[in-house]
Amino acid sequence: MRNLKMYEADDKMISLIRDNYDLLQSLGSFGINLGFGDKTVRETCEDNGVDTYTFLAVVNFTANGYKSFENDEQLSVPTLLHYLEASHAYFLDFQLPYIRRELQESLDEKDSLGMLILRFYDEYAQEIRRHMKYEQKTLFPYVQSLIDKQPINDYNVDTFSKHHGATDKKLRELKLLIIKYLPQDGLHNNQLTATLHDIYENEVWLRQHAMVEDSIFVPAIRRLEKIVKQNDVTRNISDMVTKAGVGESQELLSDREKDVIVALVQGMQNKEIADHLCISVNTVITHRRNIARKLQIHSAAGLTIYAIVNNLIDISNVKL
Ligand SMILES: [Fe+2]
Ligand SMILES: [Fe+2]
């Protein structure tokens, strides 16, 4: 029975699990081990190096259903990426083989219908494997490259989300086949019932996994994409500015020259700069000439860009 409660950082981790035992597996994928005693969610997350906010976002979403994460800037993309990678490993390396073993034990190997069911399951497992491998080969490395602020390739998250289809059709069909047509001898098969129960849980798990990807991960990547792309533009401008400067000389600016740039970018005239820095107007002019020579930048706009990308000034202090 699901408990509709939004969990918070100060709640005890154990109460969260008591209310939602299916979160046990999520803990594992977050890298949180059992044995947390009476610690709160925050303490447990901090002990395990997990971002508490992101953990709670996923947990509350999984336990209570939909919430919009479109403008949620606090989500940690590295935490989500790690969580999804570990979830894949759990499903592919443990859950799929586990259910297969269970099925094998419940089905009569000599029964051709049983064998067909197994073959059907293998096809289903293959489909899931393909789905997850695709994400591991394309989406996850792409997200890692965004996190590392590496140059972006042609891929983007919309390409992914457009083709991110449901994976539970085959599983639904498999369940129906088993329930409606097996066993044919009319005898109750405890093992088969238990396996069916696990398959149902499996289906829920996969649906939640896809929902976390679509509703939390994809919007978070989209936001990161925007930030990295913006930085990329800034970096390109920076490269242009640097290259222009490096062409002639590699001379570094003196601290005084940097002060003059900051003053210029703030919109001060020569006289104001002189007063502001307690130097003569002639000295200001000399500084400006040297700056122009060293950087090969002559316009106010060019100096502004240079000052921003070299962290001489914050963009909010720039007179535009
Ligand atoms: Fe996935
Ligand atoms: Fe997926």
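Both counts, for ligands and for their atoms, begin at 1 and track the order of listing.
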Output field for angle at the Fe ion (ligand 2), H164.NE2 vs E135.OE2, rounded to 10°, should show 90°
Do you see an N/O/S atom of H131, backbone or side chain, under 2.8 Å from the Fe ion (ligand 2)?
-> yes
Atom of E213 closest to the Fe ion (ligand 2), considering N, O or S atoms | OE1
H131-E135 side chain donor-acceptor pair, cut-off 3.5 Å = yes
Mutual orientation of the aromatic rings belonging to Y83 and F30 [parallel < 30°, tilted 30-60°, perpendicular > 60°] | parallel
Relative to each other, are the rings of Y98 and F94 parallel, tilted or perpendicular (30° and 60° limits)?
-> parallel
Let me see the working for H88 and F140 under ring pair (Phe, Tyr, Trp, His ring centres under 6.0 Å), right down to the final yes or no.
-> CA-CA 11 Å; H88 279 195; F140 293 176; 5.2 Å; yes
What is the NE2(H88)-the Fe ion (ligand 1)-NE2(H209) angle, to the nearest 10 degrees?
-> 90°
